[in-house]
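In what follows, a single structure is set out as structure tokens and then discussed.
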Number of protein chains: 2
Amino acid sequence: MQNTLETIKSIYPLKEVHLQLLLQELKAVELPKNHVIIMAGKVERSLYFIEQGVARAYVEGRDNRITFWFGMEGDIILSYHSYINNTPGYENIDLLENCKLYELKTEILETLYNSHTELANWGRKLAELILIKTEESYIGRLFKPAKERYIDLLQTDPLLIQRIPLGYIASYLGVTQVTLSRIRAEIK
Amino acid sequence: MQNTLETIKSIYPLKEVHLQLLLQELKAVELPKNHVIIMAGKVERSLYFIEQGVARAYVEGRDNRITFWFGMEGDIILSYHSYINNTPGYENIDLLENCKLYELKTEILETLYNSHTELANWGRKLAELILIKTEESYIGRLFKPAKERYIDLLQTDPLLIQRIPLGYIASYLGVTQVTLSRIRAEIK
DNA sequence: TTCATTTTTTAACATTTGTAAAAAGCCAGC
DNA sequence: GCTGGCTTTTTACAAATGTTAAAAAATGAA
């Protein structure tokens with residue numbers, strides 16, 4: 001559980017006692033490629049640490065699917081609405097590879113938050129880190145054109161791109177696959 | 001300080017003791033229209049509750065400014081990067097009206113978080129609420145076209161629109177002002 | 001390898017949106 | 001009520017992106 005352990009520790013420094021409180025609640029699960037792990041409109045009672053594999057989040061548009069997040073080793077799969085409010089979210093998350101995950105019930109987390117200041121701060125830090133990442137991709141998407149963002153992606157996540165169909169990447173960049181092809185032809 | 005008090009209470013229920021710990025750190029400030037309260041590239045050491053007035057956040061593009069947030073009574077002005085990491089952010093926030101604000105130093109907040117579980121959970125809830133709002137506008141922007149989002153805005157914030165120049169709203173919707181004019185002509 | 005399936009690219013054309021500049025509308029101060 | 005400055009709309013044209021369809025390339029299983 002190397003990746004998951006790293007993730008948990010890197011969020012907020014925890015004493016061994018509190019770390020163990022979290023770890024003992026994790027449950028290893030293996031799920032196949034194409035499995036839909038989070039469904040829009042459904043309250044999800046767990047979050048998942050990605051130990052191995054790739055996942056992607058998307059929303060259903062009127063006549064298309066829009067991908068807005070990719071996760072890989074060290075990332076966390078969760079529906080914010082479910083995690084935070086116990087209300088259904090609007091995103092679907094599916095697995096693009098066979099995955100090894102560690103599951104954690106949100107209900108248990110809530111209990112831990114209320115009984116340990118350290119864990120409450122760990123939870124605060126988790127929300128804050130996700131918030132910053134979300135804001136970064138939000139803002140990046142605002143003022144950089146698709147071409148530039150694709151080049152950024154190539155530089156920051158060259159490996160990720162090879163694991164993901166181009167159609168999803170195009171959607172993530174906010175253009176059609178045809179346009180992404182044009183971009184690729186152009187920068188070659 | 002009606003609006004600010006409401007905001008603080010609605011984030012997470014606090015006992016009177018803890019509420020007072022927060023309130024006694026607030027400092028009333030009045031700032032004029034057009035004042036730039038958060039500057040990109042600068043670490044900001046305070047956050048501000050909007051008691052009265054309107055603010056907007058934007059990033060500088062290569063040759064334009066992109067507005068991505070409006071705040072009014074009951075909202076909170078903060079630079080997430082500064083608030084969370086003590087690192088400079090990329091957004092500017094300026095005031096679109098003369099404003100009454102309550103200032104709170106982030107350093108003080110940090111101290112409170114580490115000494116009171118209730119306040120740590122208040123801080124967690126704050127991050128979580130902002131996260132959900134950010135995700136909502138992120139996703140909304142992804143799969144709804146500008147026209148639809150404008151109609152949504154008209155319905156959810158009819159008053160806000162009257163307080164904000166159309167050029168900023170166009171930017172917020174991700175189109176030029178010319179396109180927004182076309183949209184307005186179309187739905188009339 | 002070979003065949004079938006999926007993914008990616010290319011092409012032609014339609015549509016949308018942007019750009020720049022002019023016109024119209026609105027408001028504050030004289 | 002008029003004037004000057006600011007905001008919003010309109011126009012004509014240009015550029016970018018989408019749509020649809022087909023070809024080409026890549027992938028994977030037998």
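Note that these values count all heavy atoms, side chains included, but never hydrogens, waters or copies made by symmetry. The chains referred to below are lettered A, B, ... by the order of the sequence lines, with proteins before strands, and numbering in each begins at 1.
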Problem set entry | Distance under 6.0 Å and angle within 45° of ring axis: Arg149(B) vs Phe143(B) | no
Exercise. Is the shortest side-chain N/O distance from Arg184(B) to OP1 or OP2 of dT8(D) below 4.0 Å?
Worked result: no
For this session: Can you figure out which of dT9(C), dT8(D), dT10(C) approaches the side chain of Gln177(A) most closely?
Result: dT9(C)
Exercise. So, are Arg182(A) and Glu186(A) salt-bridged, with charged N and O less than 4.0 Å apart?
Worked result: no
Exercise. Among the nucleotides dA11(C), dT8(D), dT8(C), which one has an atom lying closest to any side-chain atom of Ser181(B)?
Worked result: dT8(D)
For this session: Whole angstrom is fine here: how far is it from CD1 in Ile183(B) over to P in dT8(D)?
Result: 15 Å
For this session: Would you mind reading off the distance between Leu180(B) atom CG and dT9(D) atom C1', rounded to a whole angstrom?
Result: 11 Å
Problem set entry | Atom-pair distance (CD on Glu186(B); P on dT10(D)), nearest Å | 12 Å
Exercise. Salt bridge or not for Arg124(B) and Glu110(A), using N-O below 4.0 Å?
Worked result: yes
Exercise. Does the ring-ring contact (aromatic ring centres under 6.0 Å, His included) test come out yes or no for Phe70(B) and Tyr172(B), once each step is laid out?
Worked result: CA-CA 9 Å; Phe70(B) 296 116; Tyr172(B) 177 76; 5.0 Å; yes
For this session: Please determine if Glu60(A) and Arg65(A) form a salt bridge, counting it only when a charged side-chain N lies under 4.0 Å from a carboxylate O.
Result: yes
Exercise. Using links of under 4.5 Å between side-chain heavy atoms of ILVMFWY residues, direct or through other members, which residues join Met39(B) in one cluster?
Worked result: Val36(B)
Exercise. Which one, dT20(D), dT11(D), dA12(C), comes nearest to the side chain of Arg182(A)?
Worked result: dA12(C)
Exercise. Side-chain N or O of Thr176(B) less than 4.0 angstrom from OP1 or OP2 on dT17(C)?
Worked result: no
Exercise. NA contact type, Thr179(B), heavy-atom cut-off 4.0 Å: base, sugar-phosphate, or nothing?
Worked result: sugar-phosphate
Exercise. Of all of residues 154-174 of chain B, which get a heavy atom below 4.0 angstrom from DNA chain D, listed by number?
Worked result: Pro165(B), Leu166(B), Gly167(B)
